[in-house]
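The basis for the numbers below is simple: all heavy atoms, side chains too, and nothing from hydrogens, waters or symmetry mates. This structure is a prediction, so every number in the text was calculated from the model and none was measured.
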Amino acid sequence: MSSRQNPEPMTIEEGCKLIDAAVTKLTRIIEGKPEPPFASHEYIGNYTIVYNMCIQKPPYDLSGQLYEKYGAIFQDYDKDTILPSIMEKHDEYMLRELSRWSDINKIMVRWLSHFFYYLDRYYIARSGNSSLTVVGMTCFRDHVYEKVHFNVKQVVIALIHKEREGQQIDRALLKNVLDLFVQNGMGNMERYEKDFEDFFLTETNSYYSRKASRWIQEDSCPEYMIKAEESLKKEKERVSHYLHSDTEPKLLKNVQTNLLVLVAKQLLEKENSGCSALLRDDKTDDLSRMYRLYHEIPEGLEPVAVAFRLHVTAEGNSLIKQAEDAATSGIVEEQVLVRKIIDLHDKYMAYVTDCFQNHTLFHKALKEAFEIFCNKKVAGSSSAEMLATFCDNLFKKAANDKSNDDSTIESTIDNVVKLLDYISDKDLFAEFYRKKLARRLLFGRFSDDHERSILTKLKGQFGGQFTSKMEGMVTDMQLGKDQQTGFEEYFKNTNTGKPKGVDFTVTVLTTGFWPSYKTSDLNLPLEMVNCIESFKAHYEIKTKHRRLMWIYSLGNCNLTGRFDAKPIELIVSTYQAAVLCAFNNTERLTYQELIDQLNLGHEDLVRVLHSLSCAKYKFLKKEPASKTISKTDSFEFNSKFTDKMRRIKVPLPPVDDRKKVVEDVDKDRRYAIDASLVRIMKSRKVLPHQQLVSECVEQLSRMFKPDIKMIKKRIEDLISRDYLERDTENPSTFKYVA
Amino acid sequence: MHKLSRSNRDKVQQFVAITGASEKNALQTLKASDWQLEAAFDVFYSQPQPRSNADVRRLEELYNRYKDQYSDMILADGVSILCSDLQVEPQDIVTLVLSWHMNAATACEFSREEFIGGLQALGVDSIKKLQEKLSFMRSELKDEQKFHEIYNFAFGWAKEKGQKSLALDTAIGMWQLLFAEREWPLLNHWCDFLQDRHNKAISKDTWEQLLEFARTVDPSLSNYDAEGAWPYLIDEFVEYLYDMSVVEK
C-alpha cells in the first residue's frame, strides 16, 4: 500500500468528485449495467483516497466530512434511484423490485464500507458513531422501507389470500420480502410485528371467521373437522415457508379460535353428526380427530368432555327407562340390565382410553355420567340390590354349569367391581350380597374359587372392612367341611346315639358374620331330635364356651315319600319335612292340630302348607281344595301322588326381605353416623354445624351417601345423650362434652 | 351445681351452712368474689339484707303452713293454698317466676330448702311482702336475659320427674303461657304443627332452640337459613309452613 505524499492536501470537494466517480461505477456494476469490474488498483485506489483524506493534518483531516459524505451517498441513492423504481411498480412486481433493490443495497453497503474502511477503524471508534454498515442499512430503512412498507404489506397479504384460496404463489419471494421486514427492525421484531404481522393476523381472523360460518352451516361435524385440521396444517406450512417462526403460535391460536372455539357448541351438538352421533356410531377416527384438535387449545377439551358426559348419561338413562318399562309385575330383569350397563361401560371406556388418550377429563366425565344413572331405582329395586342379584345369578349359574369359562367369569367380576364404584349405597349392596351369599352357601352348590375371587377384588377396592363378614362366611363353610369329618369320626369311635338310618350334616355358622335369622321353637320329628342331640354332645366336647342356636329355617331334608305308585325322593326344607313327617303317624291332620303339634308360627305354616298342597306338586290333599290355606282346613297324605320324576325338589318361596334389608342398613347407618360424629367432635372439640355435617358426609362417603336430615337427627340425639352440646354464645356451633 | 368442681361445691355448702343463705345466693356471691370464701362473707354481710335467724324462723312457720302432712315438701294442695293466699291463679305465669327464684326442681312441688331459699333470695318473709313482690316478678319477664333463663328453666321444671323429654301437651301449654308475655306470631301454627305432624315429646334441645328461633327468625322466614344448625323439628316446621302456604317460599 503506497501512500502518496501529496504536497497539497486534498480538499473535500476534490475527494468527493473522485468518490462520486467510483460510486457511479459501482452502481452501474451492481445494477447489472455493462461496466467493467473494478480492477484491483482501482479498488485500492478508492480505499487510498479515503485513507489519505483521513490522515491529513488538521484542518484537512476530513474524517467527519467523509462520514457525512458516506451517509449522503446512500441517501441520494435511496431517494433518487431506489425508491422511484419501486414506487412505479405494482403487486408482485413491486415486491420483486423491492427485493432486488434490497439486495443491491446490501452489496453497495459492503463495497462502500470497504472503500471507507479507514473511517470504521479509527474515526468511528473514536467518535462513537454508528458503523458504516449500520448507516447504510438505516438509510435504506428510513428512505425506502418506511415509504413502501404499507403497500408492500397489502400486496403480501393479497398474495397469501390467493394461496389460501388454492392458487400457487412465489413463496421464495415472500420469504425475502418478509425477511426484509425483520431486518429493518434492526435487532427487534417491532417492524415485522407492527408493519406486517398485526395486519396479517387481522386478515386471517376475518378469513377464518367467514370460513367457519359457512362451513358450520354446510358441513357435517366430521367434514368440518377435517377441513379445520387441513387449515391448521396449511397454516403451519405457511409459517415454515415464508413467515417468521414467531408468528406460528399467534397464527395457530387465531385459526383455532375461529374454527374450533367459537363454534364449539354448534359443532359438537350437530344433529346426526355431532359428538353424540359419533359416539353412538363408533366413529373412532373422527373422535380421535376431535380430541387432537381440541387438545391443542387450552381448556378446549372441556366442551367435548361435557358433550361426552351428557351423551353417556342419556344412554344410561335410556337403558334404565327400558328396564323400567319392561319390568312386568314389578320384577326387573336385572341380568339383562346389568349386562347392558357393563357393555355400555366397556364401550365408552374404550373411547376414553383410545380416542381420548386416557385424559383425566374424560375419565371424570365417564364417572360422573355413570354415577348419575347407576343410582337410579328401577321399579322399586335399587341399583345396589340389582347388582347383588346379578352376582347371585352369575355365581349360581357358574356353580351349576362347569362348562363356563373361568376367564369370562373373572372379567364379569371385574366389571361388577367397577360398577360398584359408581353406586353410592355400597353398604346396601354389601347387605343384599351377604344375604344372597348365605343362601348360595347353604343351599346350592357354590364355587369356592369364584366366591373368594370376587371378595378379594372387593377387598382391594373398598377395604377389608367391607368384605370381612363375607369372607368369614366363606371360611365357615370351609371349616364346616372339616367339622363334619370330625363329627363322623366321633360316631365311628363312640358308636353311641348314632341316629339310625339318618344321614345328618351340620354346618356351624359364626354369628357375627352371617345375616341374622330368627329362630323358632319348631318341634322336630323324633328322628331329627336325636340327630340334634348327638351333635350337641359332640360339639360340647370340643368347645365348652359356645352355645349353639339352631336355625331350622335354613336346613333342608331329603325324604322318601312312599306313594302308592312308586317311592319318590323329595328334597324339601326342614319346615316342610317336619310337616310331612307329622303324617307318618296319622293320615289326617287339621290346621289347628298341625299348629299345636309343630309349634310353628301361622305365617310360616301357611307358606309351608301352600307349597305342599296347593302348588305344583300336591303331596297333601287339602280339604276344602281351594287355592289358599285357611285355619279351618284339614290335610291328608296324598298316597295317590305320582310323577314321572324320581326326585322332586320342592322349593319354599323365600320371604321378600328387601324391606328388612333396607331397615337393617338404615340402622347400621345410624350407628355409623353416630360414630363418625363422635369421632370428629372428639378430635376437633369445637366445630360449627356446617363443617361438622360436611366432614361427616366425607368420612362416610366411601360406604354410602348420608342423608343430611338423618345427620341432623343424630346430632340432636347425641345432644340429648350428652355427647355434644351447643355453644351458649353461638348455638350453631357444637362442643364436645368429655 | 354439678358443673362445679369439687372444691367449689364444698365452698358453696360451707357458705350456706355458715350464713344460712340459699344455695343460689351462695353461688352468686361466691362467683362474684372469685370463689374466695372470706371475700364472699364480706360481701354477704355487708349487704343490707334481713337475714337474721328471726327471719328464718318466720319462714319456717310459713313453710309449715303449706307443707304436706306426710312428707317434708309442699305439694299440690299446699301450692293451691299458697296461690289463694297470694291471690293469684295457679296457672298464672308468676308462679313460674316464683319457682325459678326458688330453683324448684319440679312443678307443683317445693322442698323446704327451695321454699325458704327462694323467699330469702327475694328478700321476703311473709305473704304480704311476697305479694308486694309479685309485680316485680312479673316485670322480670320483660327482661330479655331473665326471660331466657326462665324459659330454659321451665323445661326442667315442667317435665315429669325421671323423664328426659317434655310431654307434648305440657309443652304446648307452657309455650302458650310463656309466649303470651312476648308475642310470637307463629305460635299457633307451631302448636298446630306439633299436634298434626309430630305427636311426640319435646327434647331439651328443641325447647331451647325454639326460643332462639322465635327471637331471631322473622315470621316471613326471610332470614331463615335452611343449612343452619336448627333442630330437625324446626326444619320440619318450616316445611310445614311452606306446605300450608302460610309463608311464601
- Item | Per-residue contact mode, B:Lys204 against chain A (heavy atom under 4.5 angstrom) | neither
- Item | Interface residues of residues 206-234 of chain B facing chain A - heavy atom cut-off under 4.5 Å | B:Thr206, B:Gln209, B:Glu212, B:Ala226, B:Glu227, B:Gly228, B:Ala229, B:Trp230, B:Pro231, B:Tyr232, B:Leu233
- Taking only residues two or more places apart in sequence or in another chain, which ones pass side-chain hydrogen bond (donor to acceptor under 3.5 Å, both in side chains) with A:Arg684? A:Glu695
- Considering residues, nucleotides and ligands other than A:Tyr723, do more than 12 of their heavy atoms fall under 6.0 Å from its OH? no
- Other residues, nucleotides, ligands: >12 heavy atoms within 6.0 Å of A:Lys367 NZ: no
- Task: Evaluate whether atom NZ of B:Lys164 has more than 12 neighbouring non-hydrogen atoms of other residues, nucleotides or ligands under 6.0 angstrom away.
- Result: yes
- Query: Pairs in or reaching into residues 697-720 of chain A: which pass ring-ring contact (aromatic ring centres under 6.0 Å, His included), with residues at least two apart or in two chains?
  - Reply: none
- Note on the structure: From the list A:Lys713, A:Arg726, A:Arg721, salt bridge (charged side-chain N to carboxylate O under 4.0 Å, His left out) with B:Asp205 holds only for A:Arg726
- Task: Look at atom CD of B:Glu160 and say whether more than 12 heavy atoms of other residues, nucleotides or ligands are closer to it than 6.0 Å.
- Result: no
Output a table of donor-acceptor pairs, distance under 3.5 Å, between side-chain atoms of residues 98-108 of chain B and any protein atom two or more places apart or on a different chain; print 'none' if there are none.
{"unit_1": "B:Ser99", "atom_1": "OG", "unit_2": "B:Thr95", "atom_2": "O", "d": "2.8"}
{"unit_1": "B:Ser99", "atom_1": "OG", "unit_2": "B:Trp157", "atom_2": "NE1", "d": "3.4"}
{"unit_1": "B:His101", "atom_1": "NE2", "unit_2": "B:Glu140", "atom_2": "OE1", "d": "2.6"}

- Message: Could you measure the distance from the OG atom of B:Ser203 to the CD1 atom of A:Ile719? Nearest 0.5 Å is fine.
- Response: 8.0 Å
